[in-house]
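If you read the sequence from its start, that first residue is 1, and numbering goes on from there. Excluded from the calculations below are hydrogen atoms, water molecules and symmetry mates; all remaining heavy atoms, backbone and side chain alike, are included. In this text, all values refer to a predicted model and were calculated from it rather than measured experimentally.
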Amino acid sequence: MEQNNSELVIGWYLDFESRFSKFLEFIPFNNDNKDNKDSVLPLLASILVEAGSLIDSIFREESTISTKPKDKQKINDFVPHYENRLNLSNQKTILFTYPLQYLTPFRGWIEARNNTYQKIDWWYSYNKMKHNRIEKPSLTTMNITIRSLCGLHQIISLLPTFFEALIRHDLVRHVPDLEFVKNHIHTADVDFTVLIETKLFGTAIGRDAFPDNPLQISPFYFGCSPKLRRFLGRNM
């Protein structure tokens, strides 16, 4: 993807996140409040559809599947390709709300035995809503929408084509110098980790994976993120 287009994608993502954040000012989101998570908000439909559509566009643009034209590729083609490339089903992203929690938007999207797509609810909702928003307004919930945004965050964090644009938008938290980060973060022998950090989310790329419990995260190993330090109340 050309850098001009990468810049557009990051700008669109930040717009979606900003719009969704306004809803969070009135309806807090956390795992302990099922009523809020499952709140049906038809006004979120545009964010859900735009986020899903952008994921679909990125998948097509960045696909290296040579046996099918890009305009003929579907989710069934994308799943084995991007799972192998980005390990999306195991990716955890921090949601910067209190209490600190992880989202795993692509968990369960692949059937390991035959390497095929398994339905995940936010992608299903996006597909339904893009064809007819009026018929299925109940599919637009806080939980569905926030996980579609998180899925987009993971993809722009993990695909190398977006890294320079993320730097330009000051979304990369890092320990080594920036030139070193640019030259080494996507190499096989990378020995450090950076955090792609936006208002709502933090996705780690590099050597270290998040621990199972977000309260056990050491900010030092994840770009020395000031936001992580604030949420956890410590530096290490």
Side-chain angles (χ1 to χ4, degrees), residues 9-59 75 82 86 88-109 118-130 133 136-159 162 166 169 171 195-205 210 212-215 217 225 227-228 230-231:
V9 169
I10 301 301
W12 284 326
Y13 168 78
L14 292 173
D15 174 61
F16 304 159
E17 189 183 72
S18 176
R19 286 155 54 193
F20 185 81
S21 295
K22 295 184 186 305
F23 287 89
L24 293 180
E25 294 175 7
F26 302 98
I27 306 177
F29 181 94
N30 65 66
N31 283 330
D32 298 327
N33 194 326
K34 189 175 186 300
D35 290 338
N36 282 9
K37 286 174 61 177
D38 294 336
S39 298
V40 176
L41 299 172
L43 287 176
L44 291 176
S46 60
I47 300 175
L48 170 63
V49 172
E50 289 176 78
S53 176
L54 191 51
I55 291 171
D56 192 50
S57 297
I58 294 169
F59 276 168
I75 188 66
Y82 283 101
L86 303 177
L88 286 171
S89 63
N90 292 309
Q91 294 293 337
K92 297 192 288 268
T93 290
I94 298 166
L95 174 62
F96 285 113
T97 60
Y98 184 81
L100 206 63
Q101 60 190 286
Y102 293 132
L103 295 181
T104 53
F106 289 99
R107 178 172 291 172
W109 83 322
Q118 295 294 296
K119 185 176 79 174
I120 49 176
D121 54 1
W122 63 268
W123 189 264
Y124 170 82
S125 297
Y126 150 66
N127 265 310
K128 289 292 184 181
M129 294 297 291
K130 74 178 180 181
R133 298 190 193 189
K136 298 285 186 179
S138 62
L139 295 177
T140 310
T141 66
M142 292 281 287
N143 193 26
I144 290 291
T145 308
I146 203 168
R147 286 187 291 123
S148 70
L149 278 176
C150 185
L152 180 55
H153 189 281
Q154 288 188 348
I155 291 162
I156 63 177
S157 298
L158 297 168
L159 283 173
F162 296 112
L166 291 168
H169 284 269
L171 302 177
L195 190 70
I196 308 302
E197 182 185 282
T198 58
K199 183 175 183 178
L200 291 180
F201 303 113
T203 298
I205 59 173
F210 290 132
D212 290 338
N213 183 347
L215 296 181
I217 294 174
S225 161
K227 186 178 287 190
L228 266 181
R230 291 196 301 273
F231 268 83

Is any side-chain heavy atom of Phe59 closer than 4.5 Å to one of Tyr82?
yes
Exercise: identify the closest heavy-atom pair between Ile27 and Met142:
O-CE, 3.3 Å
Say you draw a straight line from CD1 of Ile120 to CD1 of Ile75; how long is it, rounded to the nearest 0.5 Å?
6.5 Å
In Å and rounded to the nearest 0.5 Å, what is the OH to CD1 distance from Tyr126 to Ile144?
14.5 Å
Which heavy atom of Phe210 sits nearest to which heavy atom of Ile217, and what is that distance?
CD2-CD1, 3.9 Å
Is there a side-chain contact between Pro105 and Gln91, using heavy atoms and a 4.5 Å cut-off?
no
Is there a side-chain contact between Leu171 and Leu14 in this structure, where contact means two heavy atoms from C-beta onward sitting under 4.5 Å apart?
yes
If you measure from CZ on Phe96 to OG on Ser225, what distance do you get to the nearest 0.5 Å?
5.0 Å
So how far is it from Thr203 OG1 to Glu197 CD, rounded to the nearest 0.5 Å?
10.5 Å
Plane angle bin for Phe106 and Trp122 - parallel if under 30°, tilted between 30 and 60°, otherwise perpendicular
perpendicular
Evaluate the side-chain proximity of Ile55 to Trp123: yes if any heavy-atom separation is below 4.5 Å, no if none is.
yes
Can you tell me if Lys227 uses its side chain to pair, donor with acceptor, with the backbone of Thr198 under 3.5 Å?
yes
I want to check something: taking the side chain as every heavy atom from C-beta on, are Phe201 and Ile94 in contact at a cut-off of under 4.5 Å?
no
Under a 4.5 Å cut-off applied to non-hydrogen side-chain atoms, are Gln154 and Ile196 in contact?
no
Could you check whether any side-chain heavy atom of Leu139 comes within less than 4.5 Å of a side-chain heavy atom of Leu48, counting everything from C-beta outward?
no
Checking Glu17 side chain against Leu149 main chain: does a donor-acceptor pair fall under 3.5 Å?
no
Are His153 and Tyr13 close enough that some pair of their side-chain heavy atoms sits under 4.5 Å apart?
yes
Distance in Å, Leu95 CG paired with Ile146 CD1, rounded so as to fall on 0.5 Å steps
4.5 Å
Taking all non-hydrogen atoms of both residues, which atom of Ala204 and which atom of Leu195 are closest, and how far apart?
N-CD1, 4.0 Å
With sequence neighbours left out, write down each residue that passes side-chain hydrogen bond (donor to acceptor under 3.5 Å, both in side chains) with Glu50, or none if nothing qualifies.
Arg19
Distance (rounded to the nearest 0.5 Å) between Arg230 CZ and Leu100 CG
12.0 Å
